[in-house]
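Atoms considered below: every heavy atom in the structure, side chains included; atoms not considered: hydrogens, waters and symmetry mates. All values derive from a computational prediction rather than experimental measurement. Each chain gets a letter, A, B and so on, in the order the sequences are listed, and its residues count up from 1.
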Amino acid sequence: MNRRRAVSASNSKPSRTSPYDPKTVEARLYERWERNGYFHEEPDPARPPFIICMPPPNVTARAHIGHGSTYTPMDALVRYRRMCGDNAEWLPGTDHAAIATEAVLVRELAREGASRETLGREKYLERAWAWARECGGTIERQFRALGFSPDWARSRFTMDEGLSAAVRRVFVTLYRDGLIYRGKRLVNWDPIAKTTISDAEVEHEERDATLWYVRYPAAGPSTPLAGARYARDDITVATTRPETMLGDVAIAVHPDDDRYKAWIGKSVLVPPLLTRSIPVIADTAVDPEFGTGAVKVTPGHDATDFEIGERHGLPSLSIMDLEARITAADVDVGPYAGLERAETRARIVADLRAAKLLVKEEAHRHAIAVSERTGAVVEPLLLEQWFVTAKPLAKPALDAYRDGRVRFVPERYGRTYEQWLENIRDWNISRQVWWGHQLPVWYTPDGKTIVAESEDEAIAQAQELYGTGELSRDPDTLDTWFSSGLWPFSILGWPEKTPELECWYPSQTLVTGGEIIFLWGARMVMLGLYVMGKEPFRDVFVTPLVFDAQGRKMSKSLGNAIDPMELVEKYGADAFRMGMLRQLRVEAQEVRFQESRCEEARNFNNKIWNVTWYVLSLPEQLPSALTLPKTAALNPADRWILTRLHDTIVDVSGLLDGYELGNAAERIWHFIWYEFCDWYVEATKLEQARETRAAVLTFVLNNAMRLLHPLAPFISEEVWLALPHDGDTIMTATWPDPLEVPLDRETAGRMEVLRDEIVRLRNERAALGVAPNAALDAKVAPDAVSAYERELFARLAGVRIVPDVAASGRVEIEAPEDFLRERYEKERAHLRAEVERGEKKLGNAQFVAHAKADVVEKEREKLERYRSELERVERAMSESAQ
RNA sequence: GGGCGGUUAGCUCAGUGGGAGAGCGCUUCCUUGACACGGAAGAGGCCACUGGUUCAAUCCCAGUACCGCCCA
């Protein structure tokens with residue numbers, strides 16, 4: 001990208017406001033960026049693409065701290081690659097979030113005394129659309145306030161017509177390939193959302209519970225089938241869910257468990273009704289250590305039991321309906337019919353106790369399945385649902401990882417991904433909510449299934465195959481994650497062949513929180529490979545979860561949730577971003593978020609603002625172009641800061657390439673504050689710095705702002721515009737090039753030594769209690785210190801150098817004898833210890849023989865240096881003693 | 001139960017097979033002509049514990065303890 005335009009000097013000098021006020025800057029700059037189309041790109045095959053598909057936030061969402069931790073890195077990466085000249089594009093959009101949105105709507109309707117059924121599907125959906133449109137703007141507005149730079153013109157919504165067409169096309173294709181089927185399976189039922197959910201949407205929560213020990217009486221010819229009496233012989237079973245006893249179909253024991261060998265093949269009666277007899281079977285899935293070693297088998301309401309049932313050819317009995325109430329549909333449930341499940345549990349336990357069938361109960365901690373979305377305890381139910389056959393899709397997705405075509409940062413998440421895909425089960429994709437993509441599935445009056453991309457097509461098919469056009473559409477909708485799984489290509493216009501699709505699929509990087517690797521990441525890989533034949537991204541950058549400073553999960557109920565917009569209001573977007581980014585470490589799985597980091601970042605911005613003001617108010621004319629003086633004219637401090645700038649550019653670029661945003665932020669921060677402001681700017685106040693300082697200050701500041709821009713876009717732009725610059729916006733300014741920064745390592749090294757000396761002298765001043773404005777004299781050999789260095793000592797250490805042929809080459813302040821002696825003694829002790837350490841090390845033949853040559857050489861040099869220092873101190877001591 | 005992390009200064013965290021680091025906090029001093037949202041100096045650490053590998057371990061390996069995440 002050659003963009004040599006006329007250098008524009010600032011025509012709008014920032015007015016002197018201290019402290020820096022982000023409010024007067026951020027909104028104005030963002031508006032300008034957006035108006036000038038700086039976020040927008042067209043597909044350009046001539047440049048390397050850098051595409052990030054924004055994980056679509058829920059259309060009803062408001063920005064939360066998790067957006068801060070995942071979307072800020074995305075923006076930083078896109079801004080960085082944009083400055084590097086890539087065809088960089090951040091593609092935004094929102095998700096219809098079926099279950100979450102429907103939950104809100106249903107609640108709202110209930111308040112009005114209505115329901116979706118009374119409203120009817122069409123009216124209901126109209127309302128949902130209106131609600132989505134109303135909410136949708138909020139999150140995008142908040143993202144703008146955070147300074148995010150996606151190409152808003154390309155924003156998509158998962159229920160847009162184009163994306164819906166993509167969903168139908170993929171569904172039909174999968175169905176025709178035999179990868180989508182309908183079947184009665186045990187699925188996860190969320191009784192609050194009133195829909196099934198996939199395994200990936202189920203969370204496991206540790207809870208205190210009760211383990212009940214229940215007697216199952218042996219069934220025999222002499223045993224009465226009902227009533228209070230039962231055979232003396234019985235088997236005791238431990239269960240956490242007595243309410244499901246009504247659906248028991250067997251008792252299972254481990255085949256090697258001697259205690260129960262005699263029982264296998266016998267029958268027992270199911271309490272508390274005792275009207276049904278079930279067999280005792282042997283299965284290796286039973287853990288003999290759990291409870292009594294005998295467990296009840298309830299295939300209609302437990303996944304493990306379902307598998308046991310399948311193995312033994314046992315029936316599956318459903319005893320609960322969709323309200324999680326007891327139903328007599330499959331089996332006699334006696335007086336419990338119609339009761340809610342918790343109520344049933346209490347009644348059955350009471351009845352067992354009354355019938356003396358309850359042996360004991362004990363406290364028990366175990367994991368229960370909970371709906372991630374509603375928090376409802378998930379009920380496994382046998383239902384007719386639609387599924388995606390997972391294994392054939394998982395295989396290529398596993399290969400993509402194993403071949404290195406998809407890699408994870410940090411790497412360890414790759415193994416998590418691998419394990420999940422290896423153990424993947426068929427994916428339940430039908431939902432009973434209305435807000436979403438309705439299944440493209442129709443049924444003929446006699447139950448034949450038609451799958452087609454449109455109703456017309458379905459009717460045509462039905463006519464041809466079954467001679468009927470009378471169809472009813474399946475009322476279910478698709479899992480939200482089905483449509484988001486198509487995101488990387490559906491937003492580019494697929495199934496149309498668009499230039500965007502051609503150029504921008506696959507994308508380069510997926511940035512996401514670890515919690516949706518399975519829900520979203522893995523499914524994008526599976527569906528991307530299936531539909532496009534190519535994995536949808538190369539890198540998966542997994543960002544840490546955000547906790548509060550005490551390491552607790554942020555939640556509304558705990559009251560510890562941090563609203564990023566409040567922090568933006570308080571400190572500005574740049575400060576929020578820097579505060580967040582500085583806490584992100586690539587390897588971390590969590591961030592204990594500290595608001596103080598945002599406050600520090602605000603202070604940092606103020607520092608930048610003030611140093612800019614210093615540069616702008618120099619008495620001399622600022623250069624009109626961004627050029628450096630001839631190298632020969634540069635003074636030592638100039639050479640030092642330029643060398644530091646060079647190294648900072650190299651470091652920051654490398655860190656950004658490796659997704660190390662936290663360390664990159666730390667690095668640029670350190671350069672600007674502790675090297676540029678604290679040392680270089682102070683050194684420009686020397687008389688001898690006047691010739692070159694305006695050029696070097698503006699050059700370094702300009703470069704520093706470009707390095708900072710991906711992290712803190714607003715203040716970097718504001719400062720960059722105020723100083724000599726090249727172009728219209730820092731957003732498309734070129735990324736700093738270390739080759740354009742002159743290096744002088746020798747002088748830079750000498751400056752580091754002087755800096756240590758100055759610190760030492762300041763320390764001595766402080767120890768002496770010398771007033772800050774009082775100068776101290778130091779006698780130094782005439783040729784040991786240059787005129788430039790003399791001024792440096794005077795200005796930065798308050799030490800006046802007095803040339804003295806009798807003095808040594810070291811700057812030693814004049815001070816009372818006892819003070820000096822104490823100093824010398826301390827120094828001597830330290831040096832002696834160092835010399836001793838070095839001698840011991842080098843005296844070790846093993847060390848000299850085994851250690852690498854450069855390590856040994858370094859030790860030798862160190863020892864030499866300490867020895868001569870020690871010698872000097874000892875000489876000075878004997879001199880002052882005279 | 002299986003897998004994966006973490007344990008370094010009061011707090012939050014970097015870091016390296018060869019002399020322990022940052023920011024905040026703390027102490028002392030400073031209204032020095034960019035900045036008190038600032039400047040200067042300083043105190044503070046058996047780098048969780050136990051073994052092993054190595055000339056050399058905070059770093060590599062094994063085990064223990066505690067904290068956490070994911071999956072079942």
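Spacing between B:rC47 and B:rG19 at atom P, rounded to whole Å, works out to 14 Å. Only the P atoms considered, B:rG2 is 27 Å distant from B:rC49, to the nearest whole Å. Nucleotides B:rA22 and B:rG39 are separated by 15 Å at their P atoms, to the nearest Å.
The distance between atom CD of A:Glu757 and atom P of B:rA41, rounded to the nearest whole Å, is 14 Å. Atom P of nucleotide B:rG33 and atom CG of A:Leu616 are separated by 19 Å, given to the nearest angstrom. As a whole-Å value, the separation of A:Glu587 CD from B:rG15 C1' is 13 Å. For A:His254 and B:rG1, the NE2 to P distance is 17 Å, given to the nearest whole Å. The CD-P distance, from A:Glu203 to B:rC71, rounds to 8 Å in whole Å. Protein atom CD of A:Gln846 is 19 Å distant from nucleotide atom P of B:rG18, rounded to whole Å. Straight-line distance from the CD1 atom of A:Ile672 to the P atom of B:rG38: 15 Å, rounded to whole Å. In this entry the distance linking CD of A:Glu590 with C1' of B:rC4 reads 14 Å, nearest Å.
Taking a 6.0 Å sphere around CD of A:Glu587, one finds it holds more than 12 heavy atoms contributed by other residues, nucleotides or ligands.
Across all strands, A:Tyr674 comes closer than 4.0 Å only to sugar-phosphate atoms, never to a base (heavy-atom distances). At a threshold of 4.0 angstrom between heavy atoms, the contacts of A:Tyr413 with the nucleic acid are absent. Among the heavy atoms of the strands lying under 4.0 Å from A:Gln589 is at least one base atom, whether or not backbone atoms are also near. If you check every strand for non-hydrogen atoms under 4.0 Å, A:Val615 touches nothing. Counting any heavy atom pair closer than 4.0 Å across all strands shown, A:Arg597 reaches a base atom. Residue contacts shown for A:Lys685 include a base, since a base heavy atom lies under 4.0 Å away.
Ion pairing of A:Arg415 with A:Glu418 is absent here, as no side-chain N (NZ or NE/NH1/NH2) approaches a carboxylate O to less than 4.0 Å. A salt bridge links A:Glu206 to A:Arg365: one of the charged nitrogens lies within less than 4.0 Å of a carboxylate oxygen. A salt bridge links A:Glu666 and A:Arg585; the closest N-O separation between the charged side-chain nitrogens and carboxylate oxygens is under 4.0 Å.
Annotation: cation-pi geometry not satisfied between A:Lys553 and A:Phe547 (NZ/CZ under 6.0 angstrom from ring centroid, within 45° of ring axis). Taking the ring centre of A:Trp679 as origin, the terminal cationic atom of A:Arg644 falls outside the region bounded by 6.0 Å and 45° from the ring axis. A cation-pi geometry, defined here as NZ or CZ lying under 6.0 Å from the six-membered ring centre and within 45° of its normal, does not hold between A:Lys607 and A:Phe676.
Taking only side-chain nitrogens and oxygens, A:Asn605 never comes nearer than 4.0 Å to OP1 or OP2 of B:rC37. At B:rG42, one or more side-chain N or O atoms of A:Asn763 fall inside 4.0 Å of OP1 or OP2 (strictly under the cut-off). Phosphate proximity of B:rU12 to A:Arg592: present, with a side-chain N or O under 4.0 Å from OP1 or OP2. Distances shorter than 4.0 Å separate none of the side-chain N or O atoms of A:Lys852 from OP1 or OP2 on B:rG17. Put simply, A:Lys862 has no side-chain N or O that comes within less than 4.0 Å of OP1 or OP2 on B:rG18. For B:rG39, one of the phosphate oxygens OP1 or OP2 lies less than 4.0 angstrom from a side-chain nitrogen or oxygen of A:Trp673. Phosphate contact (OP1/OP2 of B:rG19, side-chain N/O of A:Arg837, threshold under 4.0 Å): present. An OP1 or OP2 oxygen of B:rC37 is reached within less than 4.0 angstrom by no side-chain nitrogen or oxygen of A:Arg602. Listed pair A:Arg667 / B:rA14 fails the phosphate criterion, with no side-chain N or O lying under 4.0 Å from OP1 or OP2.
Looking at the side chain of A:Glu666, the nearest of the listed nucleotides B:rA22, B:rC70, B:rA34 is B:rA22. Comparing atom distances between the A:Lys841 side chain and each of B:rG19, B:rC69, B:rA72 picks out B:rG19 as nearest. Candidate nucleotides B:rG18, B:rG15, B:rC24 were compared by shortest atom distance to the side chain of A:Asn663, and B:rG15 ranks first.
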| CA sep, side-chain torsions, deciding dist, call: A:Glu718, A:Tyr20, side chain to side chain donor-acceptor pair (under 3.5 Å) | CA-CA 11 Å; A:Glu718 184 72 356; A:Tyr20 170 66; over 6 Å; no
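A heavy-atom distance below 4.5 Å is found between the side chains of A:Leu708 and A:Phe604.
The base of B:rG19 is paired with the side chain of A:Glu834 by a donor and an acceptor separated by under 3.5 Å. Between the base of B:rA14 and the side chain of A:Gln583 there is no donor-acceptor pair shorter than 3.5 Å.
Between A:His670 and A:Tyr674, the ring planes are tilted. Angles from 30° to 60° get that label.
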| Starting at the 5' end of RNA chain B, what dot-bracket string do you get if Watson-Crick and G-U pairs under 3.5 Å are bracketed, crossing pairs use [ ], other-strand pairs use | and unpaired bases use dots? | (((((((..((((....[..)))).(((((.......))))).....(((((..]....)))))))))))).
